[in-house]
Amino acid sequence: MRSIYEMTVRSFAVAFSCCLAAFTLPSLCRSPVPLAQPEVALTFDDLPVHGPLPNGMTRVDIAKGIISALHAAHAPPIYGFVNAKGLQIEPASADVLPMWRAAGFLLANHTFSHMDLNTNSAAEFEQDILANEATLAGLMDDQDWHWIRYPFLREGDTPEKHRTVSNFLHEHGYKVAQVTVSFGDYAYNAPYARCLAKSDQQLIEQLKNSYMEGAAESLEHSKVLARAVFGRDIKQVMLLHLGSFETIMLPHLLDLLQERGYRLVTLPEAESDPAYSMHPDLPSNWDGSFLDQFVRARHLSVPADLANAHLSDLDAVCR
């Protein structure tokens, strides 16, 4: 867990880097334009199966906990991104998707098998998208399920692959569900399950602290990147996962968002921001968050993302 001193140094570094960027880049010399109220769309990946299951917990338990927290926060219709292969891997997860829909939430495409576009052909990736559609159409009725979240946030490692899949998505009516806020929440599920098995409450508390620090860092970092790229605040899209640790942390994350004045909005509301109509001009490797791609495309000097710097340490927790 980072100390107050470290967090103060981090805040100073962010402020200094922003001032330096504004000095060196003419487009950033103006003061950034803040939103009247910050807005964020929460999105959940890997429905119905994500991460290891702690002993005694089911996928339905996880979905119930997350749905309960979202309802308590009066969340708008939230999109969950589906890998329907999970229904084959764990048939006991079959109730998760209907439960999500009955709660008033929405479903969209995360490919059938959580396929990595960068390590597969465009044709294979397109088929994996199509293989997911029957499940989505059967559950979404006349509501819009034509949103796609690229697994691993990888949109192609070559211009040809990226262009081919982008054209395919356009032809099939898909919109890309971009991500601007991500702090590796997925990485906490395995150590949490191990710590539960060992009844190590002290390390679980450390996991909680680390999660919340990462979330807070990511919110600030995304604001810095948006101002560096667009010269203003934008509506943000947060990436979360339907995992076991989220059941205990989501209420705390929602409290953090409320404390910082964020209004929860839908994914379409967030991506109505004009920023999302723009596309980064990259020569290859369209991966990472929406803002990360723009930073690379424009060769901007920005502070390092500390929100994910500690994730490698989680693998050793409760071993």
Side-chain angles (χ1 to χ4, degrees), residues 1-10 42-73 75 80 83 86 89-93 95-96 99-100 114 151-153 179 181-221 238-260 304-319:
M1 189 173 89
R2 286 183 293 278
S3 66
I4 296 297
Y5 170 77
E6 290 173 306
M7 295 176 72
T8 302
V9 170
R10 158 68 175 168
L42 305 183
T43 59
F44 289 82
D45 280 11
D46 301 354
L47 278 68
V49 173
H50 172 76
L53 274 175
N55 291 335
M57 185 178 290
T58 68
R59 300 297 175 187
V60 169
D61 293 333
I62 291 171
K64 282 182 179 178
I66 290 173
I67 288 169
S68 176
L70 292 172
H71 280 170
N83 309 117
I89 296 171
E90 293 187 25
S93 69
D95 289 338
V96 169
M99 181 185 302
W100 186 263
H114 204 273
F152 309 104
L153 302 185
V179 171
V181 184
S182 175
F183 55 96
D185 71 306
Y186 65 88
Y188 289 86
N189 294 300
Y192 174 60
R194 294 194 299 268
C195 290
L196 277 181
K198 292 186 173 184
S199 299
D200 194 329
Q201 194 58 42
Q202 182 177 358
L203 283 179
I204 290 175
E205 289 302 315
Q206 290 183 22
L207 289 175
K208 292 178 181 179
N209 291 334
S210 176
Y211 176 106
M212 292 304 297
E213 289 176 358
E217 287 278 8
S218 187
L219 287 168
E220 290 306 309
H221 185 70
M238 179 179 286
L239 169 59
L240 299 169
H241 293 78
L242 206 75
S244 59
F245 197 56
E246 210 74 64
T247 62
I248 61 171
M249 294 311 299
L250 184 57
H252 301 292
L253 175 62
L254 291 165
D255 286 344
L256 174 67
L257 292 172
Q258 183 179 40
E259 290 166 6
R260 298 201 171 190
D305 181 6
L306 300 184
N308 294 283
H310 61 288
L311 296 183
S312 60
D313 299 333
L314 295 177
D315 187 57
V317 175
C318 284
R319 288 290 187 183

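Numbering starts at 1 and runs along the sequence shown.
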| Candidates Leu239, Leu240, Asp305 - the one meeting side chain to side chain contact (heavy atoms under 4.5 Å, CB included) with Phe183 | Leu240
| query | Should the heavy atoms of other residues, nucleotides or ligands under 6.0 Å from NZ of Lys64 be counted, would the total exceed 12? | reply | no
| Within a reach of under 6.0 Å around CD of Glu205, are more than 12 heavy atoms found that belong to other residues, nucleotides or ligands? | yes
| task | Determine the minimum heavy-atom distance between Ile62 and Leu242, stating which atoms define it. | result | CG2-O, 3.8 Å
| query | Under 3.5 Å, is there a donor-acceptor pair between the side chain of Arg59 and the main chain of Leu47? | reply | no
| note | All heavy atoms of Leu314 vs all of Pro191, minimum pair found to be O-CB, 3.8 Å
| said: Using a 3.5 Å distance criterion without hydrogens, assess whether the side chain of Asp200 forms a donor-acceptor pair with backbone atoms of Cys195. | reply: no
| remark: Leu254 and Ala73 have their tightest heavy-atom pair at CD1-CB, 3.8 Å
| field | Under 3.5 Å side-chain donor-acceptor pair for His114 and Asp46 | value | yes
| Do we see a donor-acceptor contact under 3.5 Å between the side chains of Tyr211 and Glu246? | yes
| What is the minimum heavy-atom distance between Asp61 and Gly56, and which atoms define it? | OD2-O, 3.9 Å
| task | Fit a plane to each ring of Tyr188 and His310, take the angle between them on a 0 to 90° scale, and name the class: parallel (under 30°), tilted (30 to 60°) or perpendicular (over 60°). | result | tilted
| said: Test your reading of the model: is there a side-chain donor-acceptor pair from Thr43 to the backbone of Met238, 3.5 Å cut-off? | reply: yes
